[in-house]
Amino acid sequence: MSLDAAAHPALLVQLTDPHLFAEPALMLGVDTDASLRAVLDAIRRDHGDADLLLATGDLSHDGTDASYRRFAEAVGALGIPARCLPGNHDMPAALQRILGAWTEPVADLGAWRIVLLDSRADGSNAGHLERAQFELLDHALATADGRPALVAMHHNAVQLSADWRDPMMLDNAAELFRHLARWRNTRLLLWGHVHQEFDRRRGSIRMLATPSTCFQFAIRDGRHRLDAQPPGYRWLKLYPDSSVATGVRRLDAAVWQAMMREWGLVEESRIA
């Protein structure tokens, strides 16, 4: 996949953590199918001309074929090329079987190389990158021919807050950063998992996380809590000179409150 890199920046949209089930269901009070559809409608309206949609894991909560088929049908209706990677709740074999070419881990988008890593660890909600993933990363970055790179995975590579220690982040993040430092062309490290917005720099690498398409989390007073903010997605413009413009687009607050009322939720009850 490539674009005319000299003409304009490539436009990428990221969505993450839909948590679909075999049949539409509520999770923490949220209809995850309905919230995903609402976010996809927002993408269609505001960024329907995107060059790539990137889904960064927990596409399914129960790992069923039916949940991946519904995800593929909903996302496919956008008509945007897609790439997906697994999260801790996904079943990689089912994800790959149903989504096929969407699971290819390396793509060139305009002037950029996109690399998808599998940080899922069997039997754990925490993340871990196996040796094969580092070999994939090294090869993709070494053969990028000078392209700036976006590396995506499910788990967060750093603590989100000094006030709360995350037991479910990537457990070998130091090794990941050693590999990224070796090649020096990674400009973006993008993840899901945390159900909240995050934007921080580590040297030349900008680290980004994105709200879930369903329920949100926040860290307040040293505690990990449900948060009332609406779901959303991230857009990124990737320029040929390796610069980036990005932002998070959330559902309208009034629309989200109406959806929550339909499911029997009250906004204040989600700020525990």
Side-chain angles (χ1 to χ4, degrees), residues 1-2 5 9-17 51-59 81-88 90 92 102-121 126-160 169-194 197-210 233-246:
M1 177 192 314
S2 64
L11 176 60
L12 182 150
V13 291
Q14 178 205 8
L15 63 78
T16 193
D17 296 80
D51 300 298
L52 184 70
L53 182 145
L54 178 59
T56 49
D58 283 356
L59 314 184
R83 287 290 189 276
C84 304
L85 57 84
N88 49 295
D90 286 306
W102 286 9
T103 65
E104 290 295 325
V106 181
D108 288 334
L109 186 68
W112 285 65
R113 173 144 291 185
I114 312 297
V115 186
L116 279 59
L117 299 179
D118 180 353
S119 60
R120 181 183 178 277
H128 182 80
L129 291 171
E130 299 288 351
R131 177 55 47 194
Q133 293 299 303
F134 288 120
E135 292 172 355
L136 182 158
L137 176 65
D138 286 340
H139 183 264
L141 297 181
T143 60
D145 296 326
R147 294 173 179 269
L150 180 157
V151 176
M153 59 187 178
H154 181 66
H155 291 82
N156 48 310
V158 298
Q159 298 284 348
L160 302 189
M169 64 177 284
L170 189 71
D171 68 6
N172 56 345
E175 186 173 1
L176 171 63
F177 285 117
R178 284 195 294 271
H179 282 262
L180 297 178
R182 176 184 180 188
W183 300 108
R184 301 185 179 183
N185 54 335
T186 299
R187 295 293 174 264
L188 290 173
L189 183 58
L190 185 66
W191 58 72
H193 190 49
V194 296
E197 185 176 353
F198 179 82
D199 189 342
R200 188 183 300 169
R201 286 193 175 273
R202 181 185 173 114
S204 62
I205 300 174
R206 189 172 179 182
M207 302 178 295
L208 299 169
T210 298
Y233 68 96
R234 179 178 292 279
W235 60 267
L236 303 101
K237 289 186 177 181
L238 309 178
Y239 289 86
D241 65 359
S242 82
S243 62
V244 177
T246 186

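These values consider heavy atoms only, across backbone and side chains, with no hydrogens, waters or symmetry-generated copies. Each residue takes its place number in the sequence, starting with 1.
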Are the side chains of [Y] and [X] in contact, using a 4.5 Å heavy-atom criterion?
| X | Y | value |
| --- | --- | --- |
| Leu208 | Leu236 | yes |
| Thr56 | Trp191 | no |
| Leu141 | Arg113 | no |
| Glu175 | Arg131 | yes |
| Leu136 | Asp118 | no |
| Thr103 | Leu116 | no |

Test your reading of the model: is there a side-chain donor-acceptor pair from [X] to the backbone of [Y], 3.5 Å cut-off?
| X | Y | result |
| --- | --- | --- |
| Arg200 | Leu160 | yes |
| Asn172 | Leu129 | yes |
| Trp112 | Ala107 | no |
| Asp90 | Gly87 | yes |
| Asp58 | Asn88 | yes |

request  = May I have the step-by-step check of side chain to side chain contact (heavy atoms under 4.5 Å, CB included) for Leu176 and Leu137, ending in yes or no?
outcome  = CA-CA 9 Å; Leu176 171 63; Leu137 176 65; 3.8 Å; yes
Residue pair [X] / [Y]: nearest heavy atoms and the distance that separates them:
| X | Y | result |
| --- | --- | --- |
| Tyr233 | Gln14 | CB-O, 3.2 Å |
| Ala126 | Ala121 | O-CB, 3.8 Å |
| Pro9 | Lys237 | CB-CB, 4.3 Å |
| Leu189 | Ala157 | CD2-CB, 4.0 Å |
| Trp235 | Ala245 | CZ3-O, 3.4 Å |
| Val244 | Arg206 | O-NH1, 4.1 Å |

For the [atom1] atom of [X] and the [atom2] atom of [Y], what is their distance to the nearest 0.5 Å?
| X | Y | atom1 | atom2 | value |
| --- | --- | --- | --- | --- |
| Ser119 | Leu85 | OG | CG | 7.0 Å |
| Arg178 | Phe134 | CZ | CZ | 8.0 Å |
| Ile114 | Leu238 | CD1 | CG | 5.5 Å |
| Arg120 | Glu130 | CZ | CD | 11.0 Å |
| Trp102 | Leu53 | CH2 | CG | 8.0 Å |
| Leu180 | Thr186 | CG | OG1 | 4.5 Å |

message = Under 3.5 Å, is there a donor on one side chain and an acceptor on the other for Thr16 and Arg234?
response =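 Judged by distance alone, the side chains do not pair up.
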ask   = So, Ser204 and Arg184: side-chain donor and acceptor under 3.5 Å apart, yes or no?
value =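 Side-chain D/A pair, Ser204 to Arg184: absent.
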Partner of Leu54 under side chain to side chain contact (heavy atoms under 4.5 Å, CB included), chosen from Leu150, Val13, Thr210 =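 Exactly one candidate clears the test, Leu150.
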key: Residue of the set Leu188, Leu117, Leu190 for which side chain to side chain contact (heavy atoms under 4.5 Å, CB included) holds with Val151   =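 When side chain to side chain contact (heavy atoms under 4.5 Å, CB included) is applied between Val151 and each of Leu188, Leu117, Leu190, only Leu117 qualifies.
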key: Asp145 atom CG: more than 12 heavy-atom contacts under 6.0 Å   =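 Atom CG in Asp145 is not crowded, with 12 or fewer foreign heavy atoms closer than 6.0 Å.
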request  = Would you sort out whether Asn156 and Val158 count as a side chain to side chain contact (heavy atoms under 4.5 Å, CB included), showing the intermediate values?
outcome  = CA-CA 6 Å; Asn156 48 310; Val158 298; 5.7 Å; no
request  = Using ring pair (Phe, Tyr, Trp, His ring centres under 6.0 Å) as the criterion, list what pairs up with His193, not counting sequence neighbours.
outcome  =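 Here the qualifying residues are His154, His155.
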